[in-house]
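Please read the structure below before turning to the comments.
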Amino acid sequence: MQRYLALDFIRGCAILGILLLNIVAFGLPSAAYLNPAWQGSVSLSDAWTWAMMDALAQLKFLTLFALLFGAGLALQSARGTRWITARLTLLVLLGFTHAVFLWDGDILLDYGVIGLIVWRMLRDVPSNRALLQTGALLYLMGCGALLAFGVVSSPTAPQNWLPGAATLEYEHFWKVQGGWEAVQNRLQQLSSGLMALAAQYGWQLAGLMLIGGALLRSGWLKGEFSVQHYRRAAALLLTVGWLIALPGIVGQWWLAWDFRYSGFYLQLPRDLASPLISLGYAALCFALWPHIGATRISRAIQCVGRMALSNYLLQTLICTTLFYRFDLFMKFDRLTLLALVPAIWLVNILFSVLWLRTFRQGPMEWLWRQLTHKVAGKSAASSSIR
């Protein structure tokens with residue numbers, strides 16, 4: 001299968017960018033992920049760090065990765081039903097294992113489940129316009145579900161938005177101690193996550209995958225349009241996206257992250273803006289590709305993108321060890337956590353570059369491919385790691 005180097009680069013950026021938000025999920029209580037005032041008040045440093053990340057990164061890199069996942073499904077759909085079904089089923093099993101035994105912030109299971117539904121649409125619908133329209137409609141349905149949850153929810157802040165001292169102490173206990181107590185809590189969070197996937201997030205994820213597949217088939221995500229087109233697209237998408245997102249950021253800060261409004265209603269501007277900003281980032285990469293494509297840093301980030309699964313799991317291993325095994329959980333504020341990210345990026349980059357000097361695939365990519373061939377009933381002899 002042909003490799004698209006710019007797509008590898010964008011995927012690498014997405015994997016590295018996801019850590020900008022996941023570092024908060026690793027290092028602070030779950031309530032802190034969306035609410036910087038999870039302690040009842042917020043420092044100016046935390047507020048500004050939250051605002052900058054909300055504008056530049058929150059949901060943007062996850063959205064970008066979902067678009068690229070859909071593009072990957074479109075590329076692979078020609079391999080046949082057995083192959084792609086086996087591949088996505090294995091991703092579901094890997095995601096379940098990751099979510100239950102390593103970290104409660106897993107995205108692999110969600111991508112596998114929704115991918116099993118979406119890939120047939122990508123295969124069977126011949127019209128790119130129809131895919132784009134369906135994808136946009138599904139995404140907007142997910143946004144509508146978010147509003148519906150806001151209407152039916154109690155205005156009183158729940159423990160997962162404004163936790164009490166006992167809740168925080170217990171979360172610290174099970175995350176640091178691990179064992180069966182941690183497994184039980186992760187299973188409970190996985191159950192809640194799957195309900196949210198069915199009720200709201202899954203619609204958005206399916207929509208993004210369809211949009212990504214349509215853009216790949218049209219050539220837009222292959223970089224086949226002119227540099228001028230991508231420059232104009234980046235300027236338009238980023239400007240409109242940030243104009244939509246800004247009121248949500250300002251509103252949450254102005255209302256001191258009051259759950260009644262910030263829990264659902266003021267999340268909507270971010271959700272509406274994220275696809276535009278994410279596509280704007282992709283367009284910016286394509287616009288700059290003639291200048292950055294041959295640079296060393298670009299080639300290094302391409303390596304990260306080629307080993308996206310391995311690097312995602314490596315981030316989990318590094319961060320769970322750092323925060324849970326070394327008991328650094330809840331020890332740092334948002335800005336300090338953010339300062340740790342470049343060091344982990346460096347590990348991702350060095351690992352990827354050095355590994356791919358010897359092998360053609362990352363270790364988890366190779367294992368995933370081998371198991372896919374075995375489950376699908378095809379010989380894997382031609383896809384060895386060397």
Pair [X] and [Y], ring centroids less than 6.0 Å apart:
| X | Y | answer |
| --- | --- | --- |
| Y324 | F329 | yes |
| W48 | W253 | yes |
| F26 | W103 | yes |
| W220 | Y230 | yes |
| H98 | Y312 | yes |

Spacing of [X] atom [atom1] and [Y] atom [atom2] [to the nearest 0.5 Å]:
| X | Y | atom1 | atom2 | result |
| --- | --- | --- | --- | --- |
| L197 | I107 | CG | CD1 | 12.0 Å |
| L266 | R260 | CG | CZ | 12.5 Å |
| N128 | L216 | CG | CG | 9.5 Å |
| T316 | L19 | OG1 | CG | 9.5 Å |
| F323 | L340 | CZ | CG | 5.5 Å |
| L335 | T49 | CG | OG1 | 4.0 Å |

What do the steps show when you test K175 against E171 for salt bridge (Lys or Arg N to Asp or Glu O under 4.0 Å), and what is the final call? CA-CA 6 Å; K175 285 187 172 179; E171 185 173 354; 2.8 Å; yes
Share the residues that join L346 in a hydrophobic cluster, the rule being Ile, Leu, Val, Met, Phe, Trp or Tyr side chains under 4.5 Å apart at the heavy-atom level. L350
Kindly indicate whether the side chain of [X], heavy atoms from C-beta on, has any atom under 4.5 Å from the side chain of [Y].
| X | Y | answer |
| --- | --- | --- |
| L28 | W38 | yes |
| N22 | C319 | no |
| Y111 | L108 | no |

Shared hydrophobic cluster, [X] / [Y] (ILVMFWY, side-chain heavy atoms < 4.5 Å):
| X | Y | value |
| --- | --- | --- |
| V240 | V250 | no |
| L56 | V24 | yes |
| F326 | F173 | no |
| M195 | F96 | no |
| I344 | F351 | yes |

Backbone of [Y] reached by a side-chain donor or acceptor of [X] within 3.5 Å:
| X | Y | result |
| --- | --- | --- |
| T295 | I292 | yes |
| S77 | A74 | yes |
| R334 | A32 | yes |
| T63 | S274 | no |
| R11 | F69 | no |
| Q159 | T167 | no |
| T89 | T85 | yes |
| R186 | G105 | no |
| S310 | G362 | no |
| T97 | L93 | yes |

Say whether [X] and [Y], considering side chains only, have a donor N or O and an acceptor N or O under 3.5 Å apart.
| X | Y | answer |
| --- | --- | --- |
| N185 | Y170 | yes |
| T81 | R123 | yes |
| Q204 | Q200 | yes |
| Q267 | R270 | yes |
| D333 | T336 | yes |
| N35 | S262 | no |

With sequence neighbours excluded, residues passing side chain to side chain contact (heavy atoms under 4.5 Å, CB included) with L5: D8, W289, Q302
Tell me, yes or no, whether the heavy-atom count around Q188 atom CD, taken from other residues, nucleotides or ligands under 6.0 Å, exceeds 12. no
Go through it in stages, so that I can follow the logic: the residues are Q315 and N348, the test is side-chain hydrogen bond (donor to acceptor under 3.5 Å, both in side chains), and I'd like the CA-CA distance, side-chain angles, deciding distance and then a yes or no. CA-CA 8 Å; Q315 289 176 359; N348 281 137; 3.1 Å; yes
Could you walk me through whether M330 and H172 satisfy the side-chain contact (heavy atoms from CB on, under 4.5 Å) test, starting with their C-alpha distance in whole Å, then the side-chain angles of each, then the deciding distance to 0.1 Å, before giving a yes or no? CA-CA 8 Å; M330 294 176 58; H172 179 276; 4.3 Å; yes
Who passes ring-ring contact (aromatic ring centres under 6.0 Å, His included) against W50, sequence neighbours left out? W257
Kindly confirm or rule out a cation-pi arrangement of R79 over W83, judged by NZ or CZ under 6.0 Å from the six-membered ring centre and within 45° of its axis? yes
